[in-house]
Protein chains: 4
Amino acid sequence: MARPRSEDKRSAILTAATRVIVTQGLSAPTAVIARDAGVANGSLFTYFETKADLFNQLYLELKAGMASASLEGLRPGAELRTQVSHVWTNWMAWAVSNPEKRRALTQLGVSDEITPATRAAGHKTMTAIGDLLERSRANGPLRGAPMGFVVAIMNSLAEATMDFMVQDPANADKHCKAGFDALWRVLT
Amino acid sequence: MARPRSEDKRSAILTAATRVIVTQGLSAPTAVIARDAGVANGSLFTYFETKADLFNQLYLELKAGMASASLEGLRPGAELRTQVSHVWTNWMAWAVSNPEKRRALTQLGVSDEITPATRAAGHKTMTAIGDLLERSRANGPLRGAPMGFVVAIMNSLAEATMDFMVQDPANADKHCKAGFDALWRVLT
Amino acid sequence: MARPRSEDKRSAILTAATRVIVTQGLSAPTAVIARDAGVANGSLFTYFETKADLFNQLYLELKAGMASASLEGLRPGAELRTQVSHVWTNWMAWAVSNPEKRRALTQLGVSDEITPATRAAGHKTMTAIGDLLERSRANGPLRGAPMGFVVAIMNSLAEATMDFMVQDPANADKHCKAGFDALWRVLT
Amino acid sequence: MARPRSEDKRSAILTAATRVIVTQGLSAPTAVIARDAGVANGSLFTYFETKADLFNQLYLELKAGMASASLEGLRPGAELRTQVSHVWTNWMAWAVSNPEKRRALTQLGVSDEITPATRAAGHKTMTAIGDLLERSRANGPLRGAPMGFVVAIMNSLAEATMDFMVQDPANADKHCKAGFDALWRVLT
DNA sequence: CATGAATGAGCGTTCATTCAT
DNA sequence: GATGAATGAACGCTCATTCAT
């Protein structure tokens, strides 16, 4: 229904959905999400046409948040390795300080409710990061590989690193660096 | 001793579940799985106590199948790099020729129906591979990292590689090799 | 405040449950009760959390209705025998004009779905009658017996009397009186 | 199927049914009864065509056992009151020493699975007791009442008495006597 | 006959979505 | 728009009964 009234309510629902997805999974009833958001059952459907719609929007929102957090403070003039390292560190920091968002995003990522269109839009939010990657691998061993492959590898390494930073917070910095080193070794 | 429980039927159900999970996700009705397996609705519960039980057993079966496929033909005497490469190639081949199994396994892997115990048992089937990894990274940059981190990285690279081999079958071999190279570079 | 929960609907369900229990027993599907009440399948669960909850509430409602019918028009100043006779007659009249309620109540009474708490609450609705009994037996042969025993005997006699009044309506009054006489003889 | 082979097995099933009905109610699965009896699932249906058939036969068996226990040692020549008292005492003793049988019988008695024919046959086993009753009430206040009414009253008093003997075993004898006195006062 | 796997109708309950207020 | 009751399809699981062994 075009523009729903309260932006507050919309984001309350998205926040609640994040929380609830983490604790109950994607099969959590919309009623629970609504209650957690402090709105009525049916109001959820004023803001999101269907449950799947809610999930798609949430996916995008989380992905975009993650991307913008990663890019924060980036200086385009700096050396490439420095820039990539900066992004990587931001990214890991985001994951560590937003564990719920990350977990929800992971769950949503594997759901078949998320449409290809949404996934594509999600990728777009990470274009800037992709560019850094592209330049980083330009002369490395992956120079011939499809870009998607390189991105996938980076994502995979990132996931593994995040898991260990969360799991073993005492050594978070060490894991962060180890993850970056592995990435850099793969790329260059 | 009456009609014995039929191993055929059990595996028909597991196979059906694999197929159905790929097309309908984990929320697929047990009735659909049963029909696909050619057994009655209720018979599924003769072989698996609950839907979750079915999923857990399927997870293990798939994981074990994947592991044993990866280890096939391995010569313990060979050079380390050769052995790892052999396993890697087997693994990728399994993924390419069993895309349904792989996708089902991925879905099951993120489900919260799969118990920690099942996951632990799943890990055990991959011990031999873990040992190779351990030896491979022994003098490499990850020598100080927790083993779980190394495993996670390998899994991540494997996932990314599989995706691209399936997505772009014409260059499957190239992707396979690129994946392995990336792994080896990270480890050594 | 949206559509409010309708007391009408709630009692339609209770009435339907009474009817259906009489014809189909306690194993009657909730779906049948709902249909009989003219509401949707799922609406029953808006008013009663579970089938057992419905049964417990119905039990209480019937018991309370029976008690209050029995006490109607009672004059506390009257002679004891008159009062007991009055209650007895009311009680029998209730049974005769509400055969379905009585049969449902009987069925519910023997069900193990009815919780001790519900039974206790049911007893409370009959306190006034118990008091009359207490005073009636005070100097009679049962003066030493536990009160519960006396109550049980009264209930038993009442049940037997009701059965015969329903079974042989032509002589209902005679049976009613015979039942009362038996009771009075036991008590005094 | 005509005459099943093992009488042992048949009665094992009946005994198991009694036990199981007490603990799980009439909705207990036949499979549970079979397991408790130590026979296979399907064998139960060799001995009893349906679950309802099993229940009907069990009802009769229990009722007959109760009746014959009540009549044991009865001396037809003795004084009427003595005879009735003797039967009553036997009856109560049976109830106290066979609480499971009694409870199962109670449950079966209110079930609508028990056919009128079965109930009629059950009554027949108690004819001798009925005769005693008939003679006892011949000159009493219930002389004009239908015999069924008298029987019902006796049953009711018996039930109430049994309940209290079981509930308060220390005073079982006292309750037994009180019950009999009440009965005798009603009859004569 | 004994066994226990096979069958499939049936049930209580849930929940996304709609709609009366 | 907000609310929450109403709806009914859908699901996991049970269980009396049948039947292959």
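Throughout, a chain's letter reflects where its sequence line sits, starting with A, and its residues are numbered from 1.
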>> Surrounding CD of B/E7 (heavy atoms of other residues, nucleotides or ligands, distance under 6.0 Å), is the total greater than 12?
In response: yes
>> Can you see if the side chain of B/Y47 gets near the phosphate of E/dA5 - specifically, an N or O under 4.0 Å from OP1 or OP2?
In response: no
> Does the side chain of D/T18 pick up a donor-acceptor pair with the side chain of D/T15 at under 3.5 Å?
Replying inline: no
> D/S43 side chain N/O closer than 4.0 Å to the phosphate oxygens (OP1, OP2) of E/dT3?
Replying inline: yes
> With distance as the sole test, does B/K51 use its side chain to make a donor-acceptor pair with the main-chain N or O of B/L26 at under 3.5 Å?
Replying inline: yes
>> Less than 4.0 angstrom between a side-chain N/O of B/R3 and OP1 or OP2 of E/dG4, yes or no?
In response: no
>> Using a 3.5 Å distance criterion without hydrogens, assess whether the side chain of A/R19 forms a donor-acceptor pair with backbone atoms of A/I33.
In response: no
> Could you write out DNA chain F as a dot-bracket string, with dots for unpaired bases, | for bases paired across to another strand, and Watson-Crick or G-U pairs counted at under 3.5 Å?
Replying inline: .||||||||||||||||||||
> With no hydrogens and no angle check, do the side chains of A/S43 and A/T46 hold a donor and an acceptor under 3.5 Å apart?
Replying inline: no
> What parts of residues 48-57 of chain B reach DNA chain E, counting only heavy atoms under 4.0 Å away?
Replying inline: none
>> Within a 6.0 Å radius of atom CZ on B/R103, are there more than 12 heavy atoms belonging to other residues, nucleotides or ligands?
In response: no
> Can you tell me how far the CE atom of B/M126 sits from the CE atom of B/M66, to the nearest 0.5 Å?
Replying inline: 4.0 Å
> In residues 7-35 of chain B, which residues come under 4.0 Å of DNA chain E by heavy atom?
Replying inline: B/K9
> Between the side chains of C/Q57 and C/D53, does any donor sit under 3.5 Å from an acceptor?
Replying inline: yes
